[in-house]
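Values in this document were obtained by computation on a predicted structure and should not be read as measured data.
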Amino acid sequence: MQRTAKKGGLGLGYIWKVFGIALFVYLFLGFMVLPCLNTLTQVFTVKDAAGNIDPLAVIRFFFAGNMPSFVWNSLKLALCLVVTVNVVGISIVLLTEYFDIKGAKILRLGYMTTLIYSGVALVTGYQFLYDSNGILTTWLSGMFPGMDKYWFSGFGAVLFTMTFACTSNHMLFLRNAIRGIDYNTVEAARNMGAKPFKVLMKVVMPTLLPTLFSLTVMTFITGLCAMSAPTLLGYDSINPEIVRLAGSSVADEAFPQARAALLSIILAMFTILLLTVLSNYERKGHYLSVSKTKAKLVKQKINSPVWNVLAHIYAYVLFVVYMTPVVMIVLFAFQNYGAIRSKMLDPNGWTLVNFFGSEDYQFMTSRGKLKLRENAISGVFANADTIGGIRLSFILSAIAAAIACVIVVIVVNYIFKNKGKKRAVAAEYCMLFPWLLPTILICYSYRIFFNSDVWYVFGQNLYMRENVRFLIVMAYVVVKLPFSLRMIKAAFYAIDEELEDAARNLGASNLVTFLRVKLPIVLPSVLAVFALNFNALFTEYDMSATFHSSYGKSYAMVIQNMCAEEGRDGYNVNASGRRCASTVFIMLVSGLILYLVYGVGARDLGERLEIRKKRKARIAKVKAKLGLGKKEAQKQTA
């Protein structure tokens, strides 16, 4: 009787549980459902000239205007990227992991450079190389005066840039899949007389099909929802048009907000369709039977001398394509303003001014007089705009990544405690809901729904002035929830239920059990997810462009604006130098985070002990050479 009364009572735990569920429902409805429903209703509540609601006005305008061209351009880009990214992505993984290619470790590092800089940083890097005033374009135009200096723009430039930018997923996921292949199956096929190419196509590739299918869907969605490359390289696709329409007004053109909403809904329909196909494919359960004693894959030699030479040439050509922007950006990040402006490396022009400090700028006015502007040439960490962008992006990204991890940890713990119950399934689907919608739809919905005194947030306008920063954080959190859920949920499976039972038998409450037993086990995975989320959000461009304002100017938007305003009226003259230095800074931050997650964080206890043992051996060897070991031994003896 006493236990029943205690269970049914309104204890502190019960109150916290009710409060948590109510808060979860409030946030889900207010920051996921209602803004998207508001966007949907905009399409069908447009008024005609007489003031009457015309539900089909936007749809008629869609077919009569140029809006289908934006949809077709995005579809064309997505379809072409599926082909080019898979061709390049599969080939670089095979060259570094399956075939025996000389210098594979160096090649792998070059192919993985897109992991440490992406988005607007990567696109501006390619622009610095291939744009009308780019390094290679300047060199080539000097050799061939008749060439078109504006060749790197439009569809071709976007396809080229995104082809090499999107292969990072292949280097992460397909590489792991191919390293997990059982070599016994390959060796058995070779012993039966199968040629190397047949083994590759009949034995190896079928095991990679599930991963390749997922990568294909991810690539298609990436191309469909592309933002930074089409915006900076001048290609008319859906996302840049949505952002343009969102900032327009009825005085400029016919119902721009409703047209932006319709384009967002079209993107959402494509995304939902693709994710549905992917889910159905995964449910079929594509498995491969392997031997009980799995053997590590041995790299295959290319026996034909001709094909071996061609494979090496192809591998190193790709390496040059990947590495050239990185090397040039790093080199020019340490060149002075004159060398950067002329796009020529100057052996005497090495400087740190693109990072620190400032210099005066002397220029000729339109009247032929020399004018001096003090401290006009400034570095990344001496420029107010870049410092402000770095600070804002760092703070907002860190807060959003932390909030996403905290929410997911609490929800996943709730899901595991209520395993098999409908409320746990409902909570999981709510967390995966943002995956059904493109990022631009979520951000556009926020911008429109919260750009007034909304009753749901107590009459506040979240798009006004500093409030937009809160809106950016919420958008960051919502977009990162599905990925965080998938990663952290996998970590919770490693928790032994016997540990929880032991804690309860010792009298520990649910909260104490969670904090002292569960959390320490999953904490490394949670920190890894936090690092990856921060890494992605720190240089994020798509959401920043949608929420762009003077109070919400992120680091990516600062870099983009520097490129657009370079040299106007003698201001911002060192934008290219700061752009190079900014890209180097981003690569350092991203590289450090990836090293901590996939390098140090991925080592098991045995690897760490082995590294520690080798470190002690090296230190002892150095001490022995310097004679320090004998002195210490003599002191201990004394």
Fill in: Residue pair Tyr476, Ser544: steps toward the side-chain contact (heavy atoms from CB on, under 4.5 Å) verdict
CA-CA 10 Å; Tyr476 282 177; Ser544 304; 3.6 Å; yes
Carefully, step by step, assess Leu94 and Ile178 under the rule side-chain contact (heavy atoms from CB on, under 4.5 Å). CA-CA 8 Å; Leu94 291 177; Ile178 203 168; 3.4 Å; yes
Here the salt bridge (Lys or Arg N to Asp or Glu O under 4.0 Å) pairs for residues 103-123, sequence neighbours left out, are Glu97-Arg108
Residue pairs passing the salt bridge (Lys or Arg N to Asp or Glu O under 4.0 Å) test with at least one member in residues 301-323, sequence neighbours excluded, are Asp100-Lys301
Please tabulate, for the side chains in residues 583-590, all donor-acceptor contacts under 3.5 angstrom to protein atoms that are two or more places apart in sequence or on a different chain.
unit_1: Thr583; atom_1: OG1; unit_2: Arg579; atom_2: O; d: 2.9
unit_1: Ser590; atom_1: OG; unit_2: Ile116; atom_2: O; d: 3.3
unit_1: Ser590; atom_1: OG; unit_2: Asn535; atom_2: OD1; d: 2.9
unit_1: Ser590; atom_1: OG; unit_2: Ile586; atom_2: O; d: 2.9

* Determine, stepwise, if the pair Leu263 / Tyr444 fulfils side-chain contact (heavy atoms from CB on, under 4.5 Å). => CA-CA 11 Å; Leu263 288 174; Tyr444 172 77; over 6 Å; no
Contact check, side chains of [X] and [Y], non-hydrogen atoms, under 4.5 Å:
| X | Y | result |
| --- | --- | --- |
| Ser237 | Leu77 | no |
| Thr41 | Asn38 | yes |
| Leu212 | Leu174 | yes |
| Met543 | Ile472 | no |
| Thr96 | Ile92 | no |
| Ile407 | Met431 | yes |
| Phe164 | Leu318 | yes |
| Leu441 | Leu267 | no |

Donor-acceptor under 3.5 Å ([X] side chain, [Y] main chain):
| X | Y | answer |
| --- | --- | --- |
| His170 | Val93 | no |
| Glu241 | Phe70 | no |
| Thr84 | Thr163 | no |
| Thr137 | Asp131 | yes |

Which value, rounded to the nearest 0.5 Å, describes the distance between [X] atom [atom1] and [Y] atom [atom2]?
| X | Y | atom1 | atom2 | answer |
| --- | --- | --- | --- | --- |
| Phe31 | Leu471 | CZ | CG | 7.5 Å |
| Asn169 | Thr222 | CG | OG1 | 6.5 Å |
| Met112 | Thr167 | CE | OG1 | 10.5 Å |
| Arg244 | Asp236 | CZ | CG | 9.0 Å |
| Phe270 | Ser74 | CZ | OG | 9.0 Å |
| Tyr235 | Lys76 | OH | NZ | 4.0 Å |

What heavy-atom pair brings [X] and [Y] nearest, and what distance separates the two atoms?
| X | Y | answer |
| --- | --- | --- |
| Ile488 | Cys405 | CD1-O, 4.3 Å |
| Tyr126 | Val321 | OH-O, 4.2 Å |
| Pro240 | Thr231 | CG-OG1, 3.5 Å |
| Leu485 | Val408 | CA-CG1, 3.6 Å |
| Ala229 | Met162 | CB-CG, 3.9 Å |
| Ser445 | Thr39 | OG-OG1, 2.7 Å |

(Q) Run Thr219 and Asn86 through side-chain hydrogen bond (donor to acceptor under 3.5 Å, both in side chains) and show every step you take. (A) CA-CA 9 Å; Thr219 302; Asn86 273 325; 5.3 Å; no
* May I ask you to check whether over 12 heavy atoms, not counting those of Tyr314, lie within 6.0 Å of atom OH? => yes
When you look at CG of Leu109, are more than 12 heavy atoms from neighbouring residues, nucleotides or ligands closer to it than 6.0 Å? yes
So, do Tyr130 and Phe160 have ring centers that fall under 6.0 Å from each other?
-> yes
ring-ring contact (aromatic ring centres under 6.0 Å, His included) filter on Phe433, not counting sequence neighbours, yields Phe28
Report task. Please assess Met67 against Leu262 for the test side-chain contact (heavy atoms from CB on, under 4.5 Å), listing each intermediate value before the final yes or no. Result -> CA-CA 10 Å; Met67 290 176 67; Leu262 180 59; 4.3 Å; yes
Residues passing the side-chain contact (heavy atoms from CB on, under 4.5 Å) test with Ile265, sequence neighbours excluded, are Leu40, Val43, Met269
The side-chain contact (heavy atoms from CB on, under 4.5 Å) partners of Ala401 (sequence neighbours excluded) come to Phe530, Asn533, Phe534
Exercise. Measure up the Phe319 and Tyr111 rings against each other and bin them: parallel (under 30°), tilted (30 to 60°), perpendicular (over 60°).
Key: perpendicular
